[in-house]
Visitor: 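This structure is in structure tokens; I'll ask about it shortly.
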2 protein chains.
Amino acid sequence: MGSETDRAVRRDALENRRRILEAAREAFAERGVDGTSMHRIGRAAGVGQGTLYRHFEHKGALCSALLSEEIEGFVQEMRRRTEGRGPALGRLKWFLGWVARFNEQNGPLLGAIRDASAGGRRVELYGNPFYERLKNTVLELLDEAVGGEEVSPDLDVECLSDTLLAALNIDLYLYQRHQLGMERERIVAAVRSVLEGLRVRE
Amino acid sequence: MGSETDRAVRRDALENRRRILEAAREAFAERGVDGTSMHRIGRAAGVGQGTLYRHFEHKGALCSALLSEEIEGFVQEMRRRTEGRGPALGRLKWFLGWVARFNEQNGPLLGAIRDASAGGRRVELYGNPFYERLKNTVLELLDEAVGGEEVSPDLDVECLSDTLLAALNIDLYLYQRHQLGMERERIVAAVRSVLEGLRVRE
DNA sequence: AGACTGCACGGACAAATGTCCGTTTGAGGA
DNA sequence: TCCTCAAACGGACATTTGTCCGTGCAGTCT
């Protein structure tokens, strides 16, 4: 099935990709994500539109790439704290706080990614590796909580994972933070109180 | 403060507005919302771009107007069922089901409205009369539930209103329905189980 | 009726996203 | 080293959203 001859990746292609990311990072820092057009990024990187879009099929994809470059350490901690021992519900509560901090630090990029998944790309918002990673983490912790009899086994954990994460979606988060003036801790506390409600009763 | 001379609304302006909405309705039905450009709507309605955008400042606004035209009866029922007597928590559960049915029937328009509130218009998604209406309804019912001692008075009902509605936001809803293949009742049940968890314990 | 006035009209224009396609070039084989 | 060719390049182009501004007309006032 695999192609017989796997030609090596051309050096110029690699170099261009690097330059695009670099140019984008700088331009975003200087003029904001929304204030930076794809044309400008191409020019700054010294590549044409075709090249730009060959590497990143749309602005959202470029932002995603930039995001994953910059969050390595962040994700490390997420895995460590999440896979540890102790009550799963507690770890889940911590994780939801982690998502909020993530929102906080990456609002503009996350917002741009959301904007890019419009129209025919609606699906990409949730059907992408990053969201699936988040969801799986919630799902596993919830499953563990069921196993440890912390929460009722009747719960639809699959569906609840989406529900919980929805409470921290970037649109709502930015609105609550900047329009309603809510503090991060307050938003997180509300989701946690929901989680607390799921706990089995004696 | 009101202007001294309130000139009547010009008849041609009213007529044009009507024609735009009519053209949009037809075009959307025929080619889908995403597949219909604003230029096309203008041409079909026989008005220029300036006129089109004077009446509706962007595609999302046009969709909103179309939406509110078509949901009168729907909203009537919402108010009736929501303002009745009985346990507030029960009415809130019904209301969340209502929101889901609303999503179901108006997916394309709601999706387009979401797409239009991107970039500098991020705020409009939540800071608009329609969402505020939904949120107030949830908020009032939650307050009532606190008053009736159905749920704990410690809950942050203001924040929880957003949290609950987020679970039914159009993006996630369409994803769960069409990508994950979940049934409407299942999605609603998950949110309702969250609500059930908030109930006071004895 | 006739003139005045300001809202409304319409289409050219600006800016952004994303596609197409003829041309170039780097990597591997002879 | 030279040849070959698939992959990569680049920029013109198509499409869409949204703005600007000179022109015209509906409604009002005399």
Visitor: Among C:dT17, D:dT19, D:dT16, find the nucleotide with the atom closest to the side chain of B:S37.
Guide: D:dT16
Visitor: Treating A:R192 as the side-chain partner and A:K93 as the backbone partner, does any N or O pair qualify as donor plus acceptor under 3.5 Å?
Guide: yes
Visitor: Any donor-acceptor pair under 3.5 Å joining the side chain of A:R10 to the base of D:dA7?
Guide: yes
Visitor: For A:R121, which contact category applies under a 4.0 Å heavy-atom criterion: base, sugar-phosphate, or nothing?
Guide: sugar-phosphate
Visitor: On DNA chain C, check which nucleotide each of B:H39 and B:D12 is closest to and give me the residue with the more 5' one.
Guide: B:D12
Visitor: With the threshold set at 4.0 Å, does a side-chain nitrogen-carboxylate oxygen contact exist between B:E196 and B:R199?
Guide: yes
Visitor: Does A:R25 pair with A:E70 as a salt bridge, N-O distance under 4.0 Å?
Guide: yes
Visitor: Can you measure A:L52 atom CG to C:dC20 atom C1' for me and round it to whole angstrom units?
Guide: 15 Å
Visitor: If I take atom NE2 in residue A:H58 and atom C1' in nucleotide C:dA16, what distance separates them, rounded to the nearest angstrom?
Guide: 16 Å
Visitor: Do the charged groups of A:R122 and B:D115 touch, with an N to O distance under 4.0 Å?
Guide: yes
Visitor: In terms of the nearest nucleotide of DNA chain D, which residue is placed more toward the 5' end: B:D34 or B:G50?
Guide: B:D34
Visitor: Do the two ring centres, one from A:Y175 and one from B:Y131, sit under 6.0 Å apart?
Guide: no
Visitor: Report which part of the nucleic acid B:T51 touches: base, sugar-phosphate, or nothing (heavy-atom distance under 4.0 Å, all strands).
Guide: base
Visitor: What is the distance from CE of B:M38 to C1' of C:dC13, rounded to the nearest Å?
Guide: 17 Å
Visitor: Using whole Å, what does the distance between atom C1' of nucleotide C:dG26 and atom CZ of A:R54 come to?
Guide: 14 Å
Visitor: Which one, D:dA12, D:dG10, D:dT17, comes nearest to the side chain of A:V47?
Guide: D:dG10
Visitor: Less than 4.0 angstrom between a side-chain N/O of A:N16 and OP1 or OP2 of D:dA8, yes or no?
Guide: no
Visitor: Between B:E15 (CD) and C:dC7 (C1'), how many Å, whole number?
Guide: 17 Å
Visitor: To the nearest Å, give me how far apart CG (B:D115) and P (D:dT17) are.
Guide: 11 Å
Visitor: Assuming nearest nucleotide by heavy-atom distance, tell me which of A:V9 and B:R11 is located more 5' along DNA chain D.
Guide: A:V9
Visitor: Between B:R43 (CZ) and D:dT15 (C1'), how many Å, whole number?
Guide: 12 Å
Visitor: Can you tell me how far P of C:dC9 sits from NE2 of B:H55, to the nearest Å?
Guide: 4 Å
